[in-house]
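A quick write-up on the structure given underneath.
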Amino acid sequence: MADDFDQVALVVDWLDACRNRDLAALLDLYADDAKLECQCGQAKDSQGRAELESYWRPRLKTLAPAAFGLEEITPAAGSVVLDYLSYEGKPVRIAFSFTRDGKIQHTFCAPAGQTQREPAAGIVHQAD
């Protein structure tokens with residue numbers, strides 16, 4: 001469970017960094033050993049700053065007009081679930097877990113409509 005920071009505000013900062021194509025600001029939101037699990041298209045796991053940079057750099061270069069549009073943010077126990085539009089403008093659900101010092105520790109994303117789990121708790125959700 002995270003302490004003394006607004007988890008939803010951190011996720012909004014994440015969206016803003018993505019919309020602004022600000023790779024440095026985006027990477028600064030993640031813990032040094034953060035893990036990203038992506039089930040959108042070809043499955044991809046990335047861990048650590050260098051791998052996260054390799055994952056995000058090409059995605060931030062070519063954004064669809066509706067990219068990173070907010071659909072819904074839902075706080076959950078120790079995590080936040082975000083429904084948004086991907087860099088391609090496709091509906092995605094992503095679950096965030098955090099470190100105690102207010103960094104993103106783990107994300108798990110999949111296209112909206114697929115079974116989704118929260119990385120922190122291992123809880124399975126069916127996306128709407």
Side-chain angles (χ1 to χ4, degrees):
M1 183 69 119
D3 295 329
D4 286 340
F5 73 96
D6 186 339
Q7 295 175 359
V8 172
L10 181 59
V11 171
V12 171
D13 290 345
W14 181 90
L15 269 175
D16 287 342
C18 291
R19 283 184 194 127
N20 294 325
R21 300 178 183 196
D22 190 340
L23 182 60
L26 178 64
L27 294 174
D28 286 345
L29 297 173
Y30 286 92
D32 291 338
D33 63 345
K35 183 173 184 178
L36 176 151
E37 294 180 75
C38 179
Q39 299 298 311
C40 305
Q42 186 176 7
K44 174 81 175 147
D45 288 353
S46 303
Q47 186 160 9
R49 190 173 179 99
E51 288 184 18
L52 291 172
E53 182 174 350
S54 293
Y55 175 87
W56 280 113
R57 183 176 299 282
R59 287 165 176 79
L60 296 181
K61 282 186 178 181
T62 55
L63 299 183
F68 299 102
L70 171 63
E71 298 288 309
E72 185 175 355
I73 295 179
T74 308
S79 66
V80 173
V81 176
L82 170 68
D83 292 315
Y84 74 102
L85 299 176
S86 73
Y87 73 101
E88 299 171 305
K90 297 178 181 177
V92 171
R93 176 166 284 182
I94 184 170
F96 294 82
S97 66
F98 309 94
T99 64
R100 289 193 170 278
D101 62 347
K103 296 285 187 174
I104 298 167
Q105 180 64 57
H106 189 193
T107 59
F108 181 90
C109 66
Q114 286 189 2
T115 299
Q116 179 80 29
R117 67 178 174 84
E118 293 175 29
I123 298 168
V124 175
H125 290 281
Q126 176 63 39
D128 297 328

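Hydrogens, waters and symmetry mates are skipped; everything else that's a heavy atom, side chains included, is used.
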For residues [X] and [Y], determine if any side-chain heavy atom of one lies less than 4.5 Å from a side-chain heavy atom of the other.
X     : Y      : value
Phe96 : Leu10  : no
Leu70 : Arg19  : yes
Ile94 : Phe108 : no
Lys61 : Tyr87  : no
Arg93 : Glu71  : no

Compare every heavy atom of [Y] with every heavy atom of [X], then report the nearest pair and how far apart it is.
X      : Y     : result
Cys109 : Cys40 : SG-SG, 3.8 Å
Pro111 : Gln39 : CD-O, 3.5 Å
Pro58  : Glu53 : CD-O, 4.5 Å
Leu60  : Cys18 : CD2-O, 3.6 Å

Please report the interatomic distance [atom1]([X]) to [atom2]([Y]), rounded to the nearest 0.5 Å.
X      : Y     : atom1 : atom2 : answer
Leu15  : Leu82 : CG    : CG    : 5.0 Å
Asp13  : Asp22 : CG    : CG    : 11.0 Å
Leu26  : Asn20 : CG    : CG    : 10.5 Å
Gln105 : Asp32 : CD    : CG    : 9.5 Å

Starting from the C-alpha separation in whole Å, work towards a yes-or-no answer on side chain to side chain contact (heavy atoms under 4.5 Å, CB included) for Trp14 and Thr107.
CA-CA 12 Å; Trp14 181 90; Thr107 59; 5.5 Å; no
Looking at residues at least two apart in the chain, or sitting in another chain, which of them share a ring-ring contact (aromatic ring centres under 6.0 Å, His included) with Phe68?
Tyr84
Pro91: which residues meet the side-chain contact (heavy atoms from CB on, under 4.5 Å) condition with it, sequence neighbours left out?
Leu85, Ala112
Quick check on Lys103: does its NZ atom have over 12 non-hydrogen neighbours (other residues, nucleotides or ligands) under 6.0 Å away?
yes
Please list all pairs meeting side chain to side chain donor-acceptor pair (under 3.5 Å) that have one or both residues in residues 43-52, counting only residues at least two apart or in different chains.
Asp28-Arg49
Please test Glu88 against Thr62 for side chain to side chain contact (heavy atoms under 4.5 Å, CB included), starting from the C-alpha separation and ending with a verdict.
CA-CA 8 Å; Glu88 299 171 305; Thr62 55; over 6 Å; no
